[in-house]
Amino acid sequence: MSENLQNLTNSELKAYMKAHRNDETACHEALKIMMSRRSETTAKYAYDITDEEMKALFQEKLRSKQ
């Protein structure tokens with residue numbers, strides 16, 4: 001299955017995950033492939049970030065785009 005998923009674009013993988021949202025194994029495989037494609041420069045955030053910290057990150061990102 002993962003060999004076929006490797007051939008999909010990220011957009012196609014997202015659609016695949018939506019279509020198989022109740023299949024934990026299928027979603028996990030698709031997500032694993034998407035995560036492996038991330039750039040080394042992609043920002044990495046902690047999973048346990050607070051709402052205040054997330055808000056500050058969003059505001060900083062919005063300011064940097066102006």
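The shown structure was predicted, so the numbers you read here are calculated from the model rather than taken from an experiment.
Nearest heavy-atom pair, Leu13 versus Ala30, reported as atom, atom and distance to 0.1 Å: CD2-CB, 4.0 Å. For Leu31 against Met17, the heavy-atom pair with the smallest separation is N-SD, 4.0 Å.
Judged as a salt bridge (charged side-chain N to carboxylate O under 4.0 Å, His left out), and not counting sequence neighbours, the contacts of Lys32 are Glu29. The side chain to side chain contact (heavy atoms under 4.5 Å, CB included) search around Thr41 returns Ser39, not counting sequence neighbours. Not counting sequence neighbours, the partners of His20 by the ring pair (Phe, Tyr, Trp, His ring centres under 6.0 Å) test are Tyr16. Glu24 meets the side chain to side chain contact (heavy atoms under 4.5 Å, CB included) test with no other residue; sequence neighbours excluded.
Within the model, atoms CD1 of Ile33 and CG of Leu8 stand 7.5 Å from one another, a figure rounded to the nearest 0.5 Å. How far OG of Ser64 is from CD of Gln59: 12.0 Å, rounded to the nearest 0.5 Å. If you take CE on Met54 and CD1 on Ile49, they are separated by 4.5 Å, rounding to the nearest 0.5 Å. Here CG of Asn10 is found 11.5 Å from CZ of Arg38. Values are rounded to the nearest 0.5 Å.
Within the structure, salt bridge (Lys or Arg N to Asp or Glu O under 4.0 Å) contacts touching residues 7-18 (residues at least two apart or in different chains) do not occur.
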